[in-house]
Novice: 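The structure is given below, and queries will be raised subsequently.
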Amino acid sequence: MAVIRRTNICAGGSRTDGAIPLFLIFSCFCAAAAAAVTDTLAQNQLLRDWEQLISANGTFRLGFFSPGSSSNRYLGISYYQAQNLTVVWVANRRIPITDSSGSLTISSDGSLEIIHSGQSSPIMLSSNATATKGSNLTATLLDSGNFVFRELDSNGTVLQVLWQSFDYPTDTLLPGMKLGFNSDTGLNWSLTSWLSTDDPSPGAFSLGGDPTGTTQLMAWRRGNVYWKSGIWNNQSFENVPDLTSDDVRYNYSYISNENETYFTYSLKNSSSPPSLWVLIWLGGFDQYKFYESDDKYLSLRIQCPPHNSSGDKAKLMGCVNQTVVECRSGDDFDRKRGYVSGTPYRYVENTSMGLIDCDELCWNNCSCVAYGTLYDNATGCRLWTTDAGFREDNNSPGDIYILRSFFDQITARINRKKKWWIWITIAVVAGATILVLGLLYCLRMRLKSKAEKEESQEMSLLKLGTKLSPSEELLNSNYLENDGTNDHELKIFSLASIRVATDDFSLANKLGQGGFGPVYKGKLPEGQEIAVKRLSRLSGQGVEEFKNELGLIAKLQHTNLVRLLGCCIEGEEKMLIYEYMPNKSLDSFLFDPTKRELLDWNKRYHIIEGIAQGLLYLHKYSRLRVIHRDLKASNILLDDELNPKISDFGMARIFGRNESEANTNRVVGTYGYMSPEYAMEGIFSVKSDVYSFGVLLIEIVSGRKNTVYYDFDPPLTLLAYAWELWKAGRGEELIDPKLGPSYPIDEVLRCIHVSLLCVQECAVDRPTMSDVVSMLSNETIHPPEPKQPARLTGRAAIEVDSHRGGSESCCSINEASISVIQGR
Ligand SMILES: *[C@@H]1O[C@H](CO)[C@@H](O)[C@H](O)[C@H]1NC(C)=O
Ligand SMILES: *[C@@H]1O[C@H](CO)[C@@H](O)[C@H](O)[C@H]1NC(C)=O
Ligand SMILES: *[C@@H]1O[C@H](CO)[C@@H](O)[C@H](O)[C@H]1NC(C)=O
Ligand SMILES: *[C@@H]1O[C@H](CO)[C@@H](O)[C@H](O)[C@H]1NC(C)=O
């Protein structure tokens with residue numbers, strides 16, 4: 001079998017055809033690589049991720065691409081010379097390839113397929129049944145943009161077309177394509193919109209022929225008729241009279257015979273500009289034309305308003321009346337940039353749903369007032385009800401759609417409040433000024449008389465400074481007040497007040513030393529106990545940026561996260577103020593021979609669950625989607641009822657913002673808890689946190705620290721020890737003897753099982769936190785068998801292993817794709 005290995009291309013790289021000057025290399029990893037320019041793929045050849053086919057006259061290109069900000073790889077056809085990527089067809093819209101391991105090939109058993117290193121089998125474009133034995137099979141990208149898979153005889157004459165992309169349209173109609181039905185072959189030519197601009201998976205809208213057989217086109221929104229073209233009248237549709245204005249250049253026709261009923265169009269002559277029709281993801285049907293500039297130009301749009309609620313809105317011809325829920329009459333959603341305060345009343349985790357679907361969900365539920373998508377890739381939904389507040393901010397990451405009537409209502413409320421606050425503020429500031437002046441006067445008098453009292457007097461003044469700071473904050477505040485629930489706003493403390501609270505950072509008040517600096521206990525004048533983290537340094541971040549970041553982090557609210565109360569920034573000093581946790585951190589219990597006995601299984605399980613929930617929130621449900629990067633026992637604090645609270649979350653965000661992946665010497669994290677890909681390559685993801693969670697879980701169950709233990713022969717890390725026991729079916733031996741005589745053995749073993757899944761070497765094998773939570777809480781789920789955990793723990797191990805050149809045993813694209821081919 002002709003397998004072209006990557007090494008061959010890098011070394012030999014020769015271009016066999018220089019005819020097309022615009023030769024581009026797409027995302028090749030090796031600098032010297034090149035490939036032949038061709039429009040045809042022959043049997044047993046591979047078209048790899050960085051290669052492409054160009055149609056004979058250079059109009060179309062077929063190759064892998066990533067739409068917008070997505071990193072998924074899709075095989076698609078696009079205009080080759082257009083300035084912007086204009087994708088007209090996508091092969092694997094439902095099954096994205098998550099890395100660059102995809103290759104298109106005609107297999108030896110005669111099917112056109114995409115092979116890749118992912119877990120699923122090859123993505124089949126055609127089935128292999130019809131080819132004659134011994135003939136040549138080729139796949140060619142034609143100048144029309146049609147990608148045809150054909151059988152040729154020895155002279156190159158076409159025997160039959162086995163498959164063609166024109167029969168499987170995505171969202172674009174090119175000249176020569178059809179919309180309608182063929183009752184003979186059962187083909188239904190219809191367009192389905194993308195889910196969003198960055199996601200070609202099938203969206204809410206589709207367009208095709210009338211299934212009842214009349215000569216008209218119809219558009220559907222999730223299966224409901226949304227628009228009708230009206231009957232074809234030899235030149236144009238009833239509801240699209242504009243079509244005729246183009247009849248100089250394009251020849252539209254609606255063919256109807258006993259087998260086929262379809263709409264199609266062609267260019268009248270070669271000077272007609274190339275054209276395409278796109279069913280856009282928001283529901284419109286756009287006609288584009290290409291002119292000399294090589295860029296597309298929108299010449300016609302047919303689009304119905306998403307909810308034709310207001311009767312006065314100009315109705316587009318053919319739009320089908322939607323039933324409007326009573327409460328929505330005269331209303332609509334407006335797109336805003338900003339932050340919604342308040343938790344969504346509903347999360348929809350379905351990643352096949354896009355913005356349009358969220359719109360529909362919210363529109364049809366009278367208690368919904370705002371919506372947005374859930375995940376970064378604009379899938380899933382978040383829906384809010386009337387207890388939400390809203391703060392406009394053009395820098396916010398995503399759009400929020402707010403009901404117009406609700407937005408007017410909260411704006412009015414805020415304006416009323418603002419007036420009120422102005423008066424309060426004036427009063428407080430005036431009062432404060434008088435007080436300060438008075439005190440200054442007093443102070444001067446006393447200074448004259450008694451020098452030794454100086455210190456205590458200064459203190460009282462500073463205490464006053466603390467009391468004043470909330471009003472200062474109100475003056476500077478640009479945060480929205482939210483009906484009394486504004487207690488999670490970031491407070492700015494003065495350095496002086498913190499000095500007073502911590503007794504000038506006295507050693508007696510020092511709680512510990514964290515990775516980012518020492519932590520002190522403090523007590524505010526009003527009696528609240530706080531923990532002050534004094535940051536040792538801050539990487540080139542401006543004060544405003546730092547405050548903004550903290551403001552966001554202060555808004556992360558969850559029972560299993562330590563609350564950030566505020567910060568203090570003065571000169572070089574930067575501090576974070578947290579609520580104080582009387583029981584200190586988990587490691588002070590777990591690794592202390594006597595205190596460990598206080599943690600019976602119920603308490604430990606409660607702690608495990610809490611950590612998992614907190615982490616799930618950070619990963620999935622918080623607005624910032626935080627990756628902790630330094631999860632470990634000493635970062636789990638315990639409150640007076642031993643509820644776990646994750647601390648130091650968001651630190652990676654503050655410290656590691658612009659750090660590149662290569663910058664491993666500044667990796668925030670703790671050896672022993674760090675996943676191999678993070679420790680060695682600096683690559684972090686939610687799965688690196690999952691790894692740390694797995695280590696933590698083993699520690700909680702075993703009551704041992706994950707370091708090297710010399711009492712085994714050979715010396716083993718806790719992970720390796722756990723794995724050996726598990727393999728041998730002796731998992732119980734890992735359980736902490738201090739747990740006492742009674743605990744539900746199944747539950748404990750399930751925790752060990754889950755922990756081993758979390759520490760698997762390969763990040764893709766590890767479960768997500770939502771998997772973890774459901775595996776822990778649901779006895780009926782049978783988790784898969786874990787694979788061997790990563791071998792590295794401890795610094796020495798990492799240095800030795802890095803000579804192997806990274807995580808070579810895991811997910812190597814090269815290895816995987818080659819072995820797939822050879823395995824066939
Ligand atoms: C396949 O094509 C090649 C080159 O075009 C030709 O030499 C060969 O005879 C063909 N084989 C068959 C079985 O048609
Ligand atoms: C328009 O297309 C139809 C069907 O493809 C064809 O029969 C007709 O000759 C074409 N007319 C022109 C002017 O090209
Ligand atoms: C997810 O959404 C799609 C599109 O609306 C729908 O077809 C599918 O049934 C949904 N899946 C689930 C599990 O609800
Ligand atoms: C979008 O993101 C979600 C959650 O991260 C993921 O499950 C889904 O596969 C993503 N969709 C695509 C098309 O990448």
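For the single chain, residues carry numbers from 1 onward in sequence order. The structure presented is a predicted model; accordingly, all values stated were derived computationally and were not measured. Both counts, for ligands and for their atoms, begin at 1 and track the order of listing.
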Novice: Looking at ligand 3, does any of its N/O atoms fall within less than 3.5 Å of an N/O of Ser352?
Specialist: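 There is no such contact.
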
Novice: Using a strict cut-off of less than 4.0 Å between a Lys/Arg side-chain nitrogen and an Asp/Glu carboxylate oxygen, indicate whether Arg337 and Asp393 qualify as a salt bridge.
Specialist: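 Between Asp393 and Arg337 there is no salt bridge, as every charged N stays at least 4.0 Å from the carboxylate O atoms.
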
Novice: Hey, is atom 2 (O) of ligand 4 under 4.0 Å from any protein heavy atom?
Specialist: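 For atom 2 (O) of ligand 4 the answer is yes, since some protein heavy atom falls inside 4.0 Å.
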
Novice: Should the SG-SG distance of Cys327 and Cys366 be recorded as below 2.5 Å?
Specialist: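 Yes; the two sulfurs sit under 2.5 Å apart.
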
Novice: Under a 4.0 angstrom heavy-atom cut-off, which atoms of ligand 3 come close to Met353?
Specialist: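 Listed by number with element: 2 (O), 5 (O).
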
Novice: Any idea which atoms of ligand 4 are less than 4.0 Å away from a heavy-atom of Asp199?
Specialist: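 So the answer, numbered in order with elements, is 13 (C).
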
Novice: Quick one: are the ring centres of Trp277 and Phe285 less than 6.0 Å apart?
Specialist: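 Centroid separation for Trp277 and Phe285: below 6.0 Å.
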
Novice: Heavy atoms of the protein only: does one fall short of 4.0 Å from atom 9 (O) of ligand 3?
Specialist: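 Under 4.0 Å from atom 9 (O) of ligand 3, zero protein heavy atoms found.
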
Novice: Going by atom types alone, do Arg73 and Ser66 pair a side-chain donor with an acceptor below 3.5 Å?
Specialist: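 Yes, because at least one side-chain N or O of Arg73 sits under 3.5 Å from a partner of the opposite role on Ser66.
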
Novice: Just to be sure I read this right, does ligand 4 sit under 4.0 Å from the backbone of Leu195, its side chain, both, or neither, counting only heavy atoms?
Specialist: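 Looking at Leu195 and ligand 4, no heavy atom falls under 4.0 Å.
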
Novice: Hey, is Arg404 close enough to Asp331 for a salt bridge, meaning N to O under 4.0 Å?
Specialist: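 No.
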
Novice: Provide the number and element of each atom of ligand 4 under 4.0 Å from a heavy atom of Asn377.
Specialist: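 So the answer, numbered in order with elements, is 1 (C), 2 (O), 3 (C), 8 (C), 10 (C), 11 (N), 12 (C), 14 (O).
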
Novice: Considering only non-hydrogen protein atoms, determine which one is nearest to atom 5 (O) of ligand 3 and report residue, atom name and distance to 0.1 Å.
Specialist: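 For atom 5 (O) of ligand 3, the nearest protein heavy atom comes out as Arg222 NE, 3.4 Å.
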
Novice: Given Ile356, Asn350, Asp357, which has its nearest heavy atom closest to atom 6 (C) of ligand 3?
Specialist: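 Considering heavy atoms of Ile356, Asn350, Asp357, the nearest to atom 6 (C) of ligand 3 sits in Asn350.
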
Novice: How long is the straight-line distance from CZ of Arg61 back to OG of Ser78, given to the nearest 0.5 Å?
Specialist: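 Between atom OG of Ser78 and atom CZ of Arg61 there are 5.0 Å.
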
Novice: With a 6.0 Å cut-off on the ring centroids, do Phe333 and Tyr371 count as close?
Specialist: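 For Phe333 and Tyr371, the ring centres are under 6.0 Å apart.
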
Novice: Just need the protein heavy atom nearest to atom 7 (O) of ligand 4, so name the residue and atom and give the distance.
Specialist: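 Here the nearest protein heavy atom works out to Thr351 CG2, 3.7 Å.
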
Novice: For atom 14 (O) of ligand 4, what is the closest protein heavy atom, and at what distance to 0.1 Å?
Specialist: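 Result for atom 14 (O) of ligand 4: Asn72 ND2, 2.7 Å.
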
Novice: Give the atom numbers and elements of ligand 4 that come within less than 4.0 Å of a heavy atom of Thr379.
Specialist: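 Taking each heavy atom of Thr379 in turn, ligand 4 has 1 (C) under 4.0 Å.
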
Novice: Does the distance from a Lys or Arg side-chain N to an Asp or Glu carboxylate O, for Asp689 and Arg766, drop under 4.0 Å?
Specialist: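 Salt bridge between Asp689 and Arg766, a charged N being under 4.0 Å from a carboxylate O: no.
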
